[in-house]
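One structure is given here, and the rest of the page talks about it.
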Amino acid sequence: MSLRWSILYRGPLSSCNYGCDYCPFAKTRNTQAELAQDAECLNRFCEWVASRSEQIGILFTPWGEGMIHRHYQEALCRLSHLPNVWRVAVQTNLSFPVESLRDCQRKTTALWTTYHPTETSIPRFTAKCAALREAGIRHSVGVVGKKESFDDIRALRMALPKETYLWINAWKREEDYYTEEELNMLRSIDPHFDFNAAPHPSLGRACRAGETAFTVDGAGDARRCHFIPELIGNIYRPDFAQAMRPRQCSIAECRCHIGYVNLEHLRLDSVFGDGLLERIPLNFGFS
Ligand code: SF4
Ligand code: SF4
């Protein structure tokens, strides 16, 4: 049986059409030349995926918003049809036209969508979610759990069908940010909130990042994950597969879903199954 890899791709793109106040990419633009270079990198990555014998799952984790650009829409579609791709997903603010996904293979395509309360409205956002459901595109919906967003979070849960998983990213920039009552409210909406709320001690723990999962940039430089800067190899070198081996985490704690899902002892593959990349648990819709 061929190996199964999960890859986080982050090319040089660094711009966004939205203006969230806590984000360094808010209302930033890339030049045409930068976008052309980003497209070239993405195209090279797609060709590399097509050339591999491994079964590959991909999550695009751009700095900013990729899906407003045609080259991301096209790459998603192209990768979704490759026989060795078991999933291709993207983190997105869902501001792009849903029709651009019309030719994607439904079995493999997925979206990690995030609702940004200051940038759109619940009716506008949930209309997009309805269009995704109508088109049969797997997706999770998420929101950052800031206190000023609590009313929006409750309203979003009411507006979405129960089959749609609504994840909440805990606000971690302030210590002891939530009261016990607030924690219970957030848990009642996201049954997996506790996984995200507390940092996971990870130093010396077995982690699949660097064994069956890795992150890669536009130049092909691969790292175990987004949180450990040390390079493990370059995917465009013929001997790259040899870089993948069992490893233990080398930093104190892991705080993000895209990282801690790889910690062996958390066994989150039994919670998310094949929805691990786009963050859809097994007992929610689209499974
Ligand atoms: S949508 Fe995402 S990338 Fe864009 S400004 Fe908001 S948080 Fe940043
Ligand atoms: S536990 Fe997190 S930080 Fe450590 S190697 Fe795994 S993904 Fe990276």
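One-based numbering, in listed order, for ligands and for the atoms of each.
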Exercise. Can a salt bridge be assigned to the pair D274 and K107 using a cut-off of 4.0 Å between side-chain N and carboxylate O?
Worked result: no

Exercise. Which residue owns the protein heavy atom closest to atom 3 (S) of ligand 2, what's the atom, and how far is it?
Worked result: I251 CD1, 3.5 Å

Problem set entry | Note: R223-D217 ion pair, threshold 4.0 Å (strictly below) | yes

For this session: Could you list which atoms of ligand 1 come closer than 4.0 Å to a heavy atom of N93?
Result: 1 (S)

For this session: Would you check if the side chain of Y260 reaches a backbone N or O of L268 as a donor-acceptor pair within less than 3.5 Å?
Result: no

For this session: Under 4.0 Å from a heavy atom of C23: give me the atoms of ligand 1 that qualify, with their elements.
Result: 3 (S), 5 (S), 7 (S), 8 (Fe)

Exercise. How far is atom 6 (Fe) of ligand 1 from its nearest protein heavy atom, and which residue and atom is that?
Worked result: C20 SG, 2.4 Å

Seminar exercise, completed: Separation between CZ (R279) and CG (N196), nearest 0.5 Å, reads 5.0 Å

Problem set entry | E65 side-chain N/O to N93 backbone N/O, donor-acceptor pair under 3.5 Å | yes

Problem set entry | Taking atom 4 (Fe) of ligand 1 as the reference point, the nearest protein heavy atom with its distance | C16 SG, 2.2 Å

Problem set entry | Enumerated ligand 1 atoms positioned under 4.0 Å from heavy atoms of G64 | 3 (S)

Problem set entry | side chain to side chain donor-acceptor pair (under 3.5 Å), paired with N184, selected from E182, R187, E181 | R187

Problem set entry | Hydrophobic cluster membership, I7 vs L231, 4.5 Å side-chain cutoff | no

Exercise. Taking the six-membered ring for Trp, are F272 and F195 ring centroids under 6.0 Å apart?
Worked result: no

Seminar exercise, completed: Near atom 6 (Fe) of ligand 2 (protein N/O/S, cut-off 2.8 Å, waters excluded) we have C207 SG

Seminar exercise, completed: In terms of its nearest heavy atom to atom 2 (Fe) of ligand 1, the top option of H116, E65, K27, Q91 is H116

For this session: May I ask you to check whether over 12 heavy atoms, not counting those of E174, lie within 6.0 Å of atom CD?
Result: yes

